[in-house]
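Both backbone and side-chain heavy atoms feed into the values below; hydrogens, waters and symmetry mates do not.
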Amino acid sequence: MAVLSNLWIQKRTPYWDRLSALVATADQSRLRGLSRSELREMALLYRQVASDLSTLRQDRTSAVLAGRVNHLLARAHHIIYSSRKSSWRGFFLFLRDGYPLVFRKQIVYVFASLVLMLGGALVATAFTIANPRFAAPILGPGILNSIRQHRMWTDSVVSIAPQATSQIMTNNLSVSFAAFAGGLTFGAFSVYILFFNGLMLGAVAVACQQGGMSIPLWSFVAPHGSLELPAIVIAGAAGFRLGQGMLFPGMYRWKDSVAKAGAEAVQLVSGVIPMLIVAGCLEGFFSPSAAPVALKFIVGGTLFTLLLVWLFRPIPAAPIE
């Protein structure tokens, strides 16, 4: 039978008191009195205190204390799991007001992801200008032959738009999920996905410029790329957040750090899904169409502006129900 020291109990008591305070606030206000960060803190404390309860039960002399902690966990369990009711309205409110706050909280990872993709694009740009053959293994013979023939390799998409749109969405979701899930490799695979996508962008940009195809390329990319490229950057940022939680747990236990990072990463990547759906529809129907070039750039610029407004507009500090 294990005997717990008073020092261990003294070290763990502040966590129990904090959870008790959060539970009391939630009981009084039906969760309205707790911010999102406090709700996440409650969930994290719940897991930590549950582990403490398991330790307390190994010491028979701590039976009374174990009973109090067990009662506290029962109250916290009811609050945490009874609040997890999803609805379309709740999801809409999260996207409208909650997601921009999530995005801003993880802005450092978004910036790192953006820098990495742009770095890949700059490397490919410099090397392809110096040696056009550099682009060959990145783009493949199909795209290069189309450029030599002054023909966009996307022309065939228009004739099979419905099927192509489904395939495009699936591909974009796969790339974004890979960038996110790459966090499980401590962020290494996320780095690869972002840098390689940057390489592809830089290589195709220079190859098209050298082949006199810049306008067809960018008028194709602008409408859907205004959402697709930021979505990949954000997904990579979610992978970095997950990897950071695995590599640097800080004051948390490793499993709690991973759980916290995973929850925040999932929230961050959740906003990518509607962006990719819209981008997939545009890439299947509008981007490869014969619509005026100016209109395509206007659509791309408008969508990117709306994206920035959504993510950076002022939002009331009051918690969203």
field: Audit row: Phe220, Val293, side-chain contact (heavy atoms from CB on, under 4.5 Å) steps and yes/no
entry: CA-CA 9 Å; Phe220 168 75; Val293 169; over 6 Å; no
task: Would you mind reporting whether Arg253 and Ser51 have side-chain heavy atoms less than 4.5 Å apart?
output: yes
- request: Measure the shortest side-chain to side-chain distance between Leu227 and Phe304 over non-hydrogen atoms and say whether it is less than 4.5 angstrom.
  value: no
- request: Kindly say whether the aromatic ring centers of Trp218 and Phe297 come within a distance under 6.0 Å.
  value: no
- request: Measure the CG-CD distance between Leu242 and Glu264 for me, rounded to the nearest 0.5 Å.
  value: 10.5 Å
Derivation of the side-chain contact (heavy atoms from CB on, under 4.5 Å) call for Leu72 and Arg68: CA-CA 6 Å; Leu72 172 61; Arg68 291 204 297 267; over 6 Å; no
task: Give a yes or no on whether the backbone of Leu268 and the side-chain of Tyr99 come within a donor-acceptor separation of less than 3.5 Å.
output: yes
task: Compare every heavy atom of Ser257 with every heavy atom of Pro249, then report the nearest pair and how far apart it is.
output: CA-OG, 3.2 Å
- prompt: Could you state the interatomic distance from CZ (Phe286) to NZ (Lys296), rounded to the nearest 0.5 Å?
  reply: 6.5 Å
- prompt: Any link between Ile215 and Ile298 through a network of hydrophobic side chains (Ile, Leu, Val, Met, Phe, Trp, Tyr) touching at under 4.5 Å?
  reply: no
- line: Separation between CD (Gln267) and CZ (Arg241), nearest 0.5 Å, reads 11.0 Å
task: Would you sort out whether Ile234 and Val269 count as a side-chain contact (heavy atoms from CB on, under 4.5 Å), showing the intermediate values?
output: CA-CA 7 Å; Ile234 293 172; Val269 81; 6.0 Å; no
message: Rounded to the nearest 0.5 Å, what separates atom CG in Leu173 from atom CD1 in Ile277?
response: 7.0 Å
- request: Decide whether Val299 and Leu306 are clustered together by the hydrophobic rule: side chain heavy atoms of Ile, Leu, Val, Met, Phe, Trp, Tyr closer than 4.5 Å, transitively.
  value: no
field: Spacing of Leu114 atom CG and Leu194 atom CG [to the nearest 0.5 Å]
entry: 9.5 Å
- prompt: Got a donor-acceptor contact below 3.5 angstrom from the His150 side chain to the Gly211 backbone?
  reply: yes
Same cluster (ILVMFWY, side-chain, under 4.5 Å), Trp254 and Phe248: yes
Exam field: side chain Thr128 to backbone Thr125, donor-acceptor pair closer than 3.5 Å: no
- request: Without swapping roles, check the side chain of Asn145 against the backbone of Pro141 for a donor-acceptor pair under 3.5 Å.
  value: yes
query: Under 3.5 Å, is there a donor-acceptor pair between the side chain of Ser54 and the main chain of Ala50?
result: no
field: Minimum heavy-atom distance Met246-Leu184, with the two atoms named
entry: CE-O, 3.7 Å
Minimum heavy-atom distance between Leu95 and Gly271, given as atom pair plus value: CD2-CA, 4.3 Å
- request: Indicate yes or no for a side-chain donor-acceptor contact from Ser113 to the backbone of Val110 under 3.5 Å, with no hydrogens or angles considered.
  value: no
task: For the pair Leu276 and Ser176, evaluate side-chain contact (heavy atoms from CB on, under 4.5 Å) and give the outcome as yes or no after the intermediate values.
output: CA-CA 9 Å; Leu276 290 177; Ser176 296; 3.3 Å; yes
task: Name the orientation class of the two ring planes belonging to Phe196 and Tyr192 (parallel below 30°, tilted from 30 to 60°, perpendicular beyond 60°).
output: parallel
query: If you take all heavy atoms of Leu282 and Pro223, which pair is closest and at what distance?
result: CD1-O, 3.6 Å
task: Please say whether the positively charged group of Arg18, taken as NZ for Lys or CZ for Arg, lies over the ring of Tyr15, i.e. under 6.0 angstrom from the six-membered ring centre and within 45 degrees of the axis.
output: no
Phe177 atom CZ: more than 12 heavy-atom contacts under 6.0 Å: no
query: Is the backbone N or O of Val49 less than 3.5 Å from a side-chain atom of Trp16, with the two atoms forming a donor-acceptor pair by type?
result: no
- prompt: With a 4.5 Å heavy-atom cut-off, do Phe127 and Val206 have their side chains touching?
  reply: no
field: Residue pair Met275 / Ala231: nearest heavy atoms and the distance that separates them
entry: CE-N, 3.7 Å
Side-chain touch Val221/Ser287, heavy atoms, less than 4.5 angstrom: no
query: Is it true that the side chains of Thr55 and Arg12 contain a donor and an acceptor less than 3.5 Å apart?
result: no
query: Can you name the closest pair of heavy atoms from Pro230 and Gly225 and give their distance?
result: CD-O, 3.4 Å
query: Between Tyr109 and Phe240, is the gap from one ring center to the other below 6.0 Å?
result: no
query: Does CZ in Arg313 sit with more than 12 non-hydrogen atoms of other residues, nucleotides or ligands closer than 6.0 Å?
result: yes
query: So, do Pro132 and Gln210 sit near enough that their side-chain heavy atoms are less than 4.5 Å apart?
result: yes
task: May I ask you to decide whether Asp97 forms a salt bridge with Arg104, counting only side-chain N to carboxylate O separations under 4.0 Å?
output: no
message: I'd like to check Asn197 versus Leu201 (side-chain heavy atoms, cut-off strictly below 4.5 Å). Are they in contact?
response: no
task: Answer with yes or no whether the hydrophobic clustering places Ile107 together with Leu229; edges join I, L, V, M, F, W, Y residues whose side-chain heavy atoms lie under 4.5 Å apart.
output: yes
query: Are Phe111 and Leu311 connected, step by step, through hydrophobic side chains (Ile, Leu, Val, Met, Phe, Trp, Tyr) whose heavy atoms are closer than 4.5 Å?
result: no
- prompt: Does Met117 reach the side chain of Phe195, with side-chain heavy atoms less than 4.5 Å apart?
  reply: no
- prompt: To the nearest 0.5 Å, how far apart are CG in Leu199 and CG in Leu139?
  reply: 10.0 Å
- prompt: Quick check: does any side chain N or O of Ser226 sit under 3.5 Å from a backbone N or O of Gly301, one acting as donor and the other as acceptor?
  reply: no
Contact check, side chains of Phe312 and Pro100, non-hydrogen atoms, under 4.5 Å: no
